[in-house]
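Remarks on the structure that follows.
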Amino acid sequence: MKRNLIVIGAGMATGRALEHLLDQDPDAYDITLFNAEPRGNYNRIMLSPVLAGDQTYDDIVTHDADWYDSHGITCRFGEKVAQIDRSAKTVTAENGDVLAYDKLVFGTGSNPFMIPLPGHDLEGVIAYRDLEDTERMMGMGPGNRVVVIGGGLLGLEAAAGMAARGVDVTVVHIMPHLMERQLDEAAGYLLRKALIEKGITVRCSANSKEILGQDGHVRALLLDDGTELPCDLLVMAVGIRPNVALANEAGLAVGRGIHVDDQMITSDADILAVGECVEHDGALFGLVAPLYDQARVVAATLLGQDATFVQKDLSTKLKVTGCDLFSAGDFADGEGREDIVFRDPGRGVYRRLVIEGDRVIGAVMYGDTADANWFFGLIRDRTEISEMRDTLIFGPAYQGGTPVDPLAAVAALPLEAEICGCNGVCKGTIVAAIEGGATDLGAVRAKTKASASCGTCTGLVEQLVAATTGAEVETKQAICGCSDLSHEEIRRLIKSQALKSMPAVWQELGWRTHDGCHVCRPALNFYLLADWPLDYADDPQSRFINERKHANIQKDGTFSVVPRMWGGITTPDELRAIADAADKYAVPTVKVTGGQRIDLLGVKGEDLPAIWADLNRAGLVSGHAYSKGLRTVKTCVGTDHCRFGTQDSTGLGVKLEKTLWGSWTPHKLKLAVSGCPRNCAEATCKDIGIVCVDSGYQIGIGGAAGMDVKETERLIDVGSEGEAIEVVMAITQLYRENAKYLDRIYKWVGKVGLDWVRERIADPTTRADLVARFELSQSIYRKDPWAEHAAKRAATYQPVADLTLAAAE
Amino acid sequence: MTWIDLGPLDAIPLRGARKVKTDMGCVAIFRTGADTVHALDNRCPHAGGPLAEGIVHGQSVTCPLHNWVFDLNTGQAQGADDGAVATYPCRVADGRILLDASRLTRGNAA
């Protein structure tokens, strides 16, 4: 005797479950299928190709009316289920019909999540979920502007599909990089680059504030930084929520989704659930592969067979033409995980494998995904990889061989092999140059131009010199173990390739590690903010603790706090505020520094925001005593009080400090202004020192009084105070733009030569350009970090939790 | 195991750390660039440096005082340095950071 089966929802999961059921036993059940949408089942994941114009709706229909008819399924399309009575085992339709069931299957799917921004209910604000949404987007064309909120899989497919139709598309993503759940930063960076090349505007770390309308229709999206993005259509693709309303009303166990066991049975033994509406073992499901697995289990369970749903590793591919990316497996936490990273900047390739023990547990690939299935196989089958670990990252073609010696590899290249892609130099040309007497990198570069542009082939050229001459090549000093490039090469490449983010540097310059180390990250952070002050956002996590917390760490983990005293001048009110702060925060040591100010030593990390706020109220700001940046401008009293003073040295010192404070430099920067050649401010052992004379100002650079003691060298004499300030700004900028991180000015001048510096500072145009660039950078950085941290980031200075309190309860 | 909810993952910056006060001293909770979390004693065995203030890179942290580098998974010092810090089970579930505090509360035979 046939039993009654009622299915709620005609989607991909229930469609597949019905296929399995009918295949195995077409006579087991009388089937009734409810669907709120007035149509049967189509392949939702192929909506993106429909949007992009690669397929049509007819192509993606999987079950049409004829299919249901021929299988004897009673379709109630366009009808909702009004009520379920579990004790009577009946379903009530919207029109009042009461239908009895033996088994009931929920396939209610999910709803797109709409962020409840003001204006989200305006006409022209849509999700990306069904055919109607797709048709709305297909109605857009050249001349239309669309904003997509959400830089995940669906949002990007929507954006790319519309961009292919000539629409002006902007993607707004709240996280710092795209598809952050599937991709790491490096792959996210490459994806963003590819989308920008398709003409899509990408705004990451962007917070939506409000949707603006006009006459009831969407007009623009307003971001919380005040930017307005005008649009004719706004697509929200920020995720889905299981549709559990009906299950809730029926009294089933529901968490984020409808709870099911391994047999896909809900808390009611006669009710099953399948697809995006379920929660299994804490997980929700949005990709198609597990839904199909569930569908098979549902069919088996309905037929009384044994079957178990097991969650498997998933892989993701983005369906956007020209963006080859793939991610699979587990990136969640686990002990003993290691990364293997491979980057080929020339081809825009990035591969990262996550290894645990002797197994690959995760993979991210961009640019060349030809081997993706092989890697996914290793993850899925938990293949032991220790034997092939050294060559694993290169893919299946490289397995079984012996690791290659780089010198032997370059020696084995044919003479016509191209070494330098930028300048089209082949191996034969370079070998000829070496044999003609160019036996070092510089000479080869001068003669052939090989490695003279982007520099990424420098290592190859050096190996070629070594292989050809048989000599050891003098190798340059690499920045750290993450890269073979030197600081100087990296600075040059950051400028010439316009690299404006940390992931961009890691990828384009072929970093060997996933995210650098404590040696390269602070250097890169400085180079990026020095070269791109408007584009690059300072990364506190790449700074040494002193610069991250704007205080100097002491050996016991406490900090020292040094407020600025402009030119060494203070007032009784400031001194009172400092004394009050010292009392209030029980500061154990108060010391006068060599830079003419006061150091409060032994302040607890948790107290920093509070003591700063107190000092701020008295007008005191950070003295940057912790920074690779401007420290102090030491002064003598000059013409104000001194009978020998020739100029207002104090006034100039204050003006210089007010101009330069907050600027970041390769190393610390100390200045002094002395009012006469007696030099009471000790200006001739400072990084930049000014000695006032009757005729004007003598400016010297490259002094030091630390590990090395150096006297400044006279750089230039100028006649006016204004010109002296300009010269100091220009020197500072030249130093910022060119020096190696952690080189003081004297070390830098020792490398480039005083004449090189003088030529640039003396030339009026070059000087003016340097001053303009310095001012531009200072428009961002000339501000008090203490005030900002005290106001906005105070909480981060506190412990994230205090378990001593919990234990006391 | 005594899993304690320390707050959302976002409470710790990417490649950063925050500390937790416990009866057994401070524990540093690290978040790596790969969004894994790790709990280690916040005290370098070399000179007592606060590891939570170090630079986080890969699956390691560098002590802010004298640049000792520790593996966040094992607590072992890397390279030429010899030493280790205790580690505690720590994980992310539903975007929340969970720490096993069974060895960190008073009255436990630790």
Side-chain angles (χ1 to χ4, degrees), chain A residues 175-176 180-181 184-186 256 282 331-339 341 352 354 356 362 364 482 502-503 513-522 539-546 548-549 553-559 605-606 795-808, chain B residues 4-7 11-24 26-27 29 31-38 42-43 47-50 52-65 67 69 71-74 87 89-94 97 99 101 104-108:
Chain A
M175 302 302 287
E180 76 285 347
R181 281 165 57 189
D184 55 12
E185 285 167 297
R256 288 185 298 158
F331 292 85
D333 57 342
E335 303 228 331
R337 300 160 7 121
E338 290 170 84
D339 282 333
V341 178
R352 171 169 164 237
V354 182
E356 188 176 61
V364 184
C482 302
M502 205 82 81
T513 48
H514 173 230
D515 52 9
C517 70
H518 69 272
V519 179
C520 61
R521 284 237 307 277
D539 174 25
Q541 300 312 126
S542 292
R543 288 189 174 279
F544 182 61
I545 180 64
N546 291 357
R548 196 182 326 134
K549 287 205 164 165
I553 195 163
Q554 306 297 313
K555 69 174 192 175
D556 61 355
T558 65
F559 291 86
E606 288 94 309
T796 65
Y797 286 76
Q798 309 307 321
V800 69
D802 187 346
L803 303 188
T804 58
L805 298 176
Chain B
I4 291 189
D5 185 339
L6 300 180
I12 302 178
L14 199 63
R15 285 184 277 274
R18 296 277 297 275
K19 63 185 185 184
V20 173
K21 281 188 175 172
T22 81
D23 292 328
M24 309 296 153
C26 281
V27 171
I29 312 292
R31 175 181 174 194
T32 67
D35 264 346
T36 62
V37 293
H38 308 268
N42 188 33
R43 193 180 155 78
E53 315 284 21
I55 290 180
V56 177
H57 49 99
Q59 296 278 311
S60 308
V61 64
T62 301
C63 176
L65 292 194
N67 286 342
V69 179
D71 186 318
L72 294 173
N73 294 302
T74 63
T87 64
C90 187
R91 64 188 174 99
V92 179
D94 288 339
I97 305 164
L99 171 69
L104 293 167
T105 37
R106 215 194 310 267
N108 255 296

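Numbers restart at 1 for each chain; the letters A, B, ... are given by sequence-line order, proteins then strands.
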Side chain of A:R521, backbone of B:V56: donor and acceptor closer than 3.5 Å?
yes

Side chain, backbone, both or neither: which part of B:D5 has an atom under 4.5 Å from a heavy atom of chain A?
neither

Chain A heavy atoms under 4.5 Å from B:V69: which part of the residue, side chain, backbone, both or neither?
side chain

Less than 4.5 Å to any heavy atom of chain A: does that hold for the side chain of B:L65, its backbone, both, or neither?
side chain

Intermediate values then yes/no, side-chain contact (heavy atoms from CB on, under 4.5 Å), B:D35 and B:V92:
CA-CA 9 Å; B:D35 264 346; B:V92 179; over 6 Å; no

Distance col, row B:E53:CD vs A:I545:CD1, nearest 0.5 angstrom, shows 3.5 Å

Non-hydrogen atoms of chain B under 4.5 Å away: do they reach the side chain of A:R543, the backbone, both or neither?
backbone

What part of B:L99 is in contact with chain A, defined as an atom under 4.5 angstrom from a non-hydrogen atom: side chain, backbone, both or neither?
side chain

Between A:P522 and chain B, which part of the residue has a heavy atom less than 4.5 Å away: side chain, backbone, both or neither?
side chain

By a 4.5 Å heavy-atom criterion (distance strictly below it), what part of B:P50 contacts chain A: side chain, backbone, both, or neither?
side chain

Please report the interatomic distance CD1(B:I4) to CG(A:L803), rounded to the nearest 0.5 Å.
5.0 Å

Leading residue by heavy atom contact count with chain B [cutoff under 4.5 Å; candidates A:I553, A:T513, A:D339]
A:I553

Non-hydrogen atoms of chain B under 4.5 Å away: do they reach the side chain of A:E185, the backbone, both or neither?
side chain

Specify which of A:V800, A:N546, A:V519, A:T796 makes the most heavy-atom pairs with chain B at under 4.5 Å.
A:V800

With side-chain contact (heavy atoms from CB on, under 4.5 Å) as the test, would you mind laying out the steps for A:M502 and B:R15 before giving the verdict?
CA-CA 13 Å; A:M502 205 82 81; B:R15 285 184 277 274; over 6 Å; no

Does any donor atom in the side chain of B:T32 or B:H38 lie under 3.5 Å from an acceptor atom in the other side chain?
no

Heavy-atom distance under 4.5 Å to chain B: side chain of A:H514, backbone, both or neither?
side chain

Exam field: side chain B:Q59 to backbone B:D71, donor-acceptor pair closer than 3.5 Å:
no

